[in-house]
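Note: hydrogens, waters and symmetry copies are ignored here, and every other heavy atom, side chains too, is used.
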Amino acid sequence: MTKICLDAGHYGKYNQSPANKAYYEAEMNWKLHNLLKKYLKQKGFEVIQTRSNQATDLALTSRGRLARGCDLFLSIHSNAVGSGVNETIDYPVAYVSISGKADDIGLKLARCVESVMDTDQKARIEHKKGSNGDYYGVLRGAAAAGVPGVILEHSFHTNTRMTNWLLDDGNLDKLAKAEADVIADYFGVKKQTGNAGADLLRVQVGAYSVEKNADNQLAKVKAAGFTDAFKVKVGGLWKIQVGAYSVRANAEKQLAKLKKAGFDAFITQ
């Protein structure tokens, strides 16, 4: 089974956008890497994450080294030009291992971001060498673990249009699906077709019209050990989802765990 290591860049409320103060890069990275994990698992990948808690950090090289035994290390980010607003720069870039082993998948992913986010500038890959190998610590750690590494920058949060796009959870969901397709194609895993995801059974814990209430519920669910839980906005409501399953028995097993933990959970399609 192909194994992917996903890394959410930064933690807590890190890198606030000067273009829209509601945006923090660290929060977007966390949401997107959880969504990407969901779609990769649906395609049959084994997926691990470098951290189980968004509020805590881990040394850069240590995060990369956690990819040992994986086929790809992918770190999720958004970029910045200085500390002010810049409306002219929006290109997606993949910083890839200086070994060249991740050039192909890095460029494919960067071009995917270009297409889905509709950036004005073309996607690119870049290599950056430091005094001890790769300049970036996570890529240096992944290289030490023998794994091709990619830092994928999802355009620039110093650009107002791109920042506002990334603040929409529906857009992040669309992005995660597309990136999962690119990774599946690269590793020779057959893509889902038609409405393959439409029949999935989703385990849900609440739906809220007020986002703050959804955030409070999400924090409780994660504190109870359900670290894969995430928040998504559907039809004007904020919903807390804890897994999506093609097999009802698996959905019911997750449902039972949530109920045992005291949550009023249910299954929806």
Side-chain angles (χ1 to χ4, degrees), residues 6-36 54 57 60 63-64 72-100 102-130 133-140 142 148-183 186:
L6 295 179
D7 175 62
H10 312 298
Y11 71 104
K13 288 188 174 295
Y14 190 89
N15 276 354
Q16 185 180 39
S17 167
N20 187 327
K21 298 299 184 181
Y23 181 91
Y24 291 87
E25 181 194 352
E27 293 182 341
M28 188 285 292
N29 295 341
W30 189 260
K31 286 181 182 180
L32 183 54
H33 102 302
N34 277 329
L35 287 167
L36 185 53
Q54 195 273 346
D57 199 13
L60 295 174
R63 279 156 48 191
L72 177 69
F73 172 84
L74 178 58
S75 187
I76 303 298
H77 289 261
S78 63
N79 218 335
V81 184
S83 58
V85 176
N86 185 314
E87 308 292 23
T88 63
I89 297 178
D90 71 350
Y91 62 86
V93 58
Y95 294 102
V96 291
S97 305
I98 59 173
S99 66
D103 284 13
D104 189 21
I105 183 60
L107 185 56
K108 288 179 186 297
L109 285 167
R111 285 174 173 167
C112 174
V113 175
E114 175 194 332
S115 174
V116 177
M117 293 187 67
D118 189 27
T119 62
D120 291 328
Q121 296 173 311
K122 295 294 184 182
R124 62 190 75 178
I125 59 169
E126 293 185 17
H127 307 85
K128 194 168 183 179
K129 188 175 182 180
D134 281 286
Y135 173 81
Y136 295 104
V138 289
L139 296 186
R140 198 163 58 247
V150 176
I151 296 173
L152 186 58
E153 300 278 5
H154 293 78
S155 190
F156 285 74
H157 58 256
T158 43
N159 180 295
T160 302
R161 183 171 74 91
M162 296 293 97
T163 302
N164 292 341
W165 195 97
L166 290 168
L167 276 167
D168 186 314
D169 286 348
N171 286 339
L172 295 186
D173 191 74
K174 185 191 310 181
L175 196 54
K177 287 179 182 176
E179 290 178 9
D181 278 347
V182 168
I183 294 170
Y186 178 79

Identify the two heavy atoms, one from [X] and one from [Y], that lie closest to each other, and give their separation to 0.1 Å.
X: Ile98; Y: His127; result: CA-CD2, 4.0 Å
X: Ala94; Y: Gly106; result: CB-O, 3.3 Å
X: Ile89; Y: Gln121; result: CA-OE1, 3.2 Å
X: Thr163; Y: Phe156; result: OG1-O, 3.9 Å
X: Asp7; Y: Ser75; result: OD2-OG, 2.6 Å
X: Asn29; Y: Gly9; result: ND2-O, 2.7 Å

Do [X] side-chain atoms and [Y] backbone N/O form a donor-acceptor pair below 3.5 Å?
X: Glu153; Y: Asn79; value: yes
X: Gln54; Y: Gly12; value: yes
X: Ser155; Y: Pro92; value: no
X: Asn15; Y: Glu25; value: no

* ring pair (Phe, Tyr, Trp, His ring centres under 6.0 Å) evaluation trace for Tyr24 with Tyr14 -> CA-CA 6 Å; Tyr24 291 87; Tyr14 190 89; 9.7 Å; no

* To do: May I ask you to decide if the ring planes of His10 and His77 are parallel, tilted or perpendicular, using 30° and 60° as cut-offs?
  => perpendicular

Distance from [X] atom [atom1] to [Y] atom [atom2], nearest 0.5 Å?
X: Leu32; Y: Met28; atom1: CG; atom2: CE; answer: 5.5 Å
X: Leu167; Y: Met162; atom1: CG; atom2: CE; answer: 12.0 Å
X: Glu114; Y: Arg111; atom1: CD; atom2: CZ; answer: 8.0 Å
X: Arg140; Y: Ser97; atom1: CZ; atom2: OG; answer: 12.0 Å
X: Glu87; Y: Asp120; atom1: CD; atom2: CG; answer: 10.5 Å
X: Asp90; Y: Thr158; atom1: CG; atom2: OG1; answer: 9.5 Å

For a 4.5 angstrom cut-off between non-hydrogen side-chain atoms, does [X] reach [Y]?
X: Leu166; Y: Tyr23; answer: yes
X: Leu6; Y: Leu36; answer: yes
X: Tyr91; Y: Thr119; answer: no
X: Leu60; Y: Tyr136; answer: no
X: Val96; Y: Glu126; answer: no

* **Residue that, paired with Leu74, satisfies side chain to side chain contact (heavy atoms under 4.5 Å, CB included) out of Leu109, Ile105, Val138** => Leu109

* Asked: Does OH in Tyr11 sit with more than 12 non-hydrogen atoms of other residues, nucleotides or ligands closer than 6.0 Å?
  -> no

* Flag yes if more than 12 heavy atoms outside Arg161 fall under 6.0 Å of its CZ atom; otherwise flag no. => yes

* Working for side-chain contact (heavy atoms from CB on, under 4.5 Å), residues Val113 and Leu152 -> CA-CA 9 Å; Val113 175; Leu152 186 58; 4.1 Å; yes

Verify the distance criterion only: is there a donor paired with an acceptor across the side chains of [X] and [Y] at less than 3.5 Å?
X: Asn164; Y: Asn20; result: yes
X: His157; Y: Ser78; result: yes
X: Glu179; Y: His154; result: yes

* Asp134 bridged to Lys129 by N-O distance under 4.0 Å -> no

* **Presence of salt bridge, Asp181 and Lys108, under 4.0 angstrom** => no

* Please step through side-chain contact (heavy atoms from CB on, under 4.5 Å) for the pair Thr160 and Trp165, ending with a clear verdict. => CA-CA 9 Å; Thr160 302; Trp165 195 97; over 6 Å; no

